[in-house]
Amino acid sequence: TGQPGGGIGRLVAAQSAATHRAVIDALAGAQRAIEEIPRPFSTAVEEHRAEVERAYDAVKVLQRVLATEVVAVLGSTLQFNDNDGD
């Protein structure tokens with residue numbers, strides 16, 4: 001619809017409030033971890049490895065929630081592969 005709350009989140013929330021909350025929490029955690037990486041990212045990989053690894057781990061948690069919980073709630077399939085940009 002182009003309006004907030006009209007996307008896949010609404011579908012997930014209608015099926016499982018717990019899964020919806022898990023997605024929101026995982027997304028917020030990933031965003032927070034990425035924001036904590038000092039800029040520029042090009043030097044952070046070497047100079048701030050701990051922050052980069054925390055962000056990587058947080059994004060992997062988000063990926064797991066999407067690939068398992070959301071997919072199960074929606075009754076669909078999802079596969080990540082080497083072309084996904086990870």
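A continuous path of hydrophobic side-chain contacts links Leu66 to Val12 [ILVMFWY only; heavy atoms under 4.5 Å]. Hydrophobic clustering of Ile, Leu, Val, Met, Phe, Trp and Tyr side chains at less than 4.5 Å, counting indirect connections, unites Ile8 with Val65. The cluster map of Ile, Leu, Val, Met, Phe, Trp and Tyr, joined by side-chain heavy atoms under 4.5 Å apart, puts Val59 and Ile37 in the same cluster. Val52 and Val61 are members of different hydrophobic clusters when ILVMFWY side chains are connected at heavy-atom separations under 4.5 Å. The hydrophobic clustering, which links ILVMFWY residues whose side-chain heavy atoms are closer than 4.5 Å, places Leu11 and Val70 together.
The minimum heavy-atom distance linking Val73 with Gln15 is given by the pair CG1-CB, 3.1 Å. Heavy atoms only, all atoms of each residue included: Glu51 and Glu36 are closest at CG-O, 3.9 Å. Nearest approach of Ala33 to Ala58, heavy atoms of both residues: CB-CB, 3.9 Å. The minimum heavy-atom distance linking Pro38 with Ala44 is given by the pair O-CB, 3.4 Å.
Atom CD of residue Glu69 and atom CG of residue Leu74 lie 11.5 Å apart, to the nearest 0.5 angstrom. Separating the NZ atom in Lys60 from the CD atom in Glu53 is a distance of 14.0 Å, to the nearest 0.5 Å.
A donor-acceptor contact shorter than 3.5 Å is absent between the side chain of Arg49 and the backbone of Glu47.
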In sequence, state the C-alpha distance, the side-chain angles, and the governing distance for Ile34 and Tyr56, and then conclude on side-chain contact (heavy atoms from CB on, under 4.5 Å).
CA-CA 8 Å; Ile34 291 167; Tyr56 178 81; over 6 Å; no
